[in-house]
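Just so we're on the same page: letters track the sequence lines, and every chain starts at 1. Small disclaimer: the values here were computed from a predicted structure and weren't measured.
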Number of protein chains: 2
Amino acid sequence: MTDASQTAAGPFEGYLCFSVYAAGLAFNRLYKQVLDRFGLTYPQYLVLVALRQRDGRTVSELGEALFLESNTLTPLIKRLEAAGLVERRRDTRDERVVRVSLSDAGRALAVDIECVPPQIGEAIGIDHARLGQMAQTLDELAAGLRRAVRD
Amino acid sequence: MTDASQTAAGPFEGYLCFSVYAAGLAFNRLYKQVLDRFGLTYPQYLVLVALRQRDGRTVSELGEALFLESNTLTPLIKRLEAAGLVERRRDTRDERVVRVSLSDAGRALAVDIECVPPQIGEAIGIDHARLGQMAQTLDELAAGLRRAVRD
DNA sequence: GGAATATAAATCGCACACGATTTAATCGCA
DNA sequence: TGCGATTAAATCGTGTGCGATTTATATTCC
């Protein structure tokens, strides 16, 4: 018996941290549903989008765009490479740097997944302007958080 | 050579999914800084807060509160148990159910960590009313997302 | 009462995320 | 020129998340 009136959930009313956490979980699940069809995870999807916008980014540049570091990105990119979607090459001018570029298959997939954001937007059932507003609010919050982490 | 003028970051302008993702990462990092001192991770912190609000919750009830399932919660709770913060007991009336309750140490820690949210709030540097507004916005978004996942 | 069904946790495998460290290449500068 | 400092990735270990399955207990209903 599930008694909705008793609010088993809800010890975190007004905890912004929890709202962000829960929204992240929920977004992740929705994206998983949509991206499973393409065999991609959400961060992998982000890498493809970033590379489509500018190919041949270095691991560090991808990290700046996605707010991730090499310890997360290296294995992720290697999985994309194993899937035949990207290629990793050491920069000839600076052998420390690894440049990531889309393969033909990766470029094709990057085009295919352009349909994802509007599809998600529609599924959420909140009007577009409001979603944009939310994004702006969150970016402001994330900026505040990153400032706080840096001290 | 890092060319800041070229905006290596930023291929996700206006992508709400990315704003949520990035805010989640940023929140997680800030909380990690603060919670490390208590030897807690963020989800572990949430479990303690939930149990302080009502002790003896079942794994399922914790799952409803945190939007997680037993596959995530069981190992997490076992780590809390190993740390001596909670106790796990099979319900005598229904042996399928596991009830989780705070140990003395857990209760004490649950009191200690009450200082965390205000500390975080201050670190962010965004006024309290605006934070509450953001939480409300995000809850609305998360509700929309969960509706969409259920189809 | 007993077999089919349902439910609660637990288990397993995989993919992030991240602190800490390591390796390799480049830079800075005396 | 050469050596210490810096930088870019990679590696390692731990802790989530989650789909899929398994195990154990409870319920249903004939």
*asked:* Return whichever of A:Ala26 or A:Asp94 has its heavy-atom-nearest nucleotide of DNA chain D closer to the 5' end.
replied: A:Asp94
*Of B:Leu76 and A:Val98, whose closest DNA chain D nucleotide lies nearer the 5' terminus?*
A:Val98
*asked:* Between the side chains of B:Asp91 and B:Arg96, is the shortest nitrogen-to-carboxylate-oxygen separation below 4.0 Å, so that they form an ion pair?
replied: no
*State plainly whether the residues B:Glu87 and B:Arg89 are in salt-bridge range, i.e. N to O under 4.0 Å.*
yes
*Watson-Crick or G-U wobble partner for C:dA10, using a 3.5 Å limit on both distances?*
D:dT21
*Starting at the 5' end of DNA chain C and moving along, which residue's nearest nucleotide shows up first, A:Glu95 or A:Asn71?*
A:Asn71
*asked:* Using heavy-atom distances to pick each residue's nearest nucleotide on DNA chain C, tell me which of A:Glu69 and B:Leu73 is more 5'.
replied: B:Leu73
_Audit row: B:Leu68, B:Leu62, side chain to side chain contact (heavy atoms under 4.5 Å, CB included) steps and yes/no_ = CA-CA 8 Å; B:Leu68 294 173; B:Leu62 283 171; over 6 Å; no
*asked:* Counting only heavy atoms not in B:Glu69 (residues, nucleotides, ligands), do more than 12 fall under 6.0 Å from its CD?
replied: no
If you check the [X] side chain, which of [options] turns out closest?
X: A:Leu25; options: D:dC18, C:dC16, C:dC18; value: D:dC18
X: A:Arg96; options: D:dT7, D:dT11, C:dC18; value: D:dT7
X: A:Arg88; options: D:dG17, D:dA10, C:dC16; value: D:dA10

*asked:* B:Ser19 vs A:Asp139, test: side-chain hydrogen bond (donor to acceptor under 3.5 Å, both in side chains). Steps then yes/no.
replied: CA-CA 6 Å; B:Ser19 299; A:Asp139 290 343; 2.8 Å; yes
Between the base of [N] and the side chain of [X], is there a donor-acceptor distance below 3.5 Å?
X: A:Asn28; N: D:dG17; answer: no
X: B:Ser70; N: C:dA10; answer: yes
X: A:Thr74; N: D:dA9; answer: no

*Base, sugar-phosphate, or nothing for B:Arg90, non-hydrogen atoms under 4.0 angstrom?*
sugar-phosphate
May I ask you to evaluate whether [X] reaches the phosphate of [N], defined as a side-chain N or O under 4.0 Å from OP1 or OP2?
X: B:Lys32; N: D:dT14; value: no
X: B:Tyr21; N: C:dA17; value: yes
X: B:Thr58; N: C:dA9; value: yes

*Once you round it to whole Å, what is the distance between P of C:dG19 and CG of A:Leu68?*
11 Å
*Euclidean distance, atom CD of residue A:Glu64 to atom P of D:dA8 [Å, nearest integer]*: 9 Å
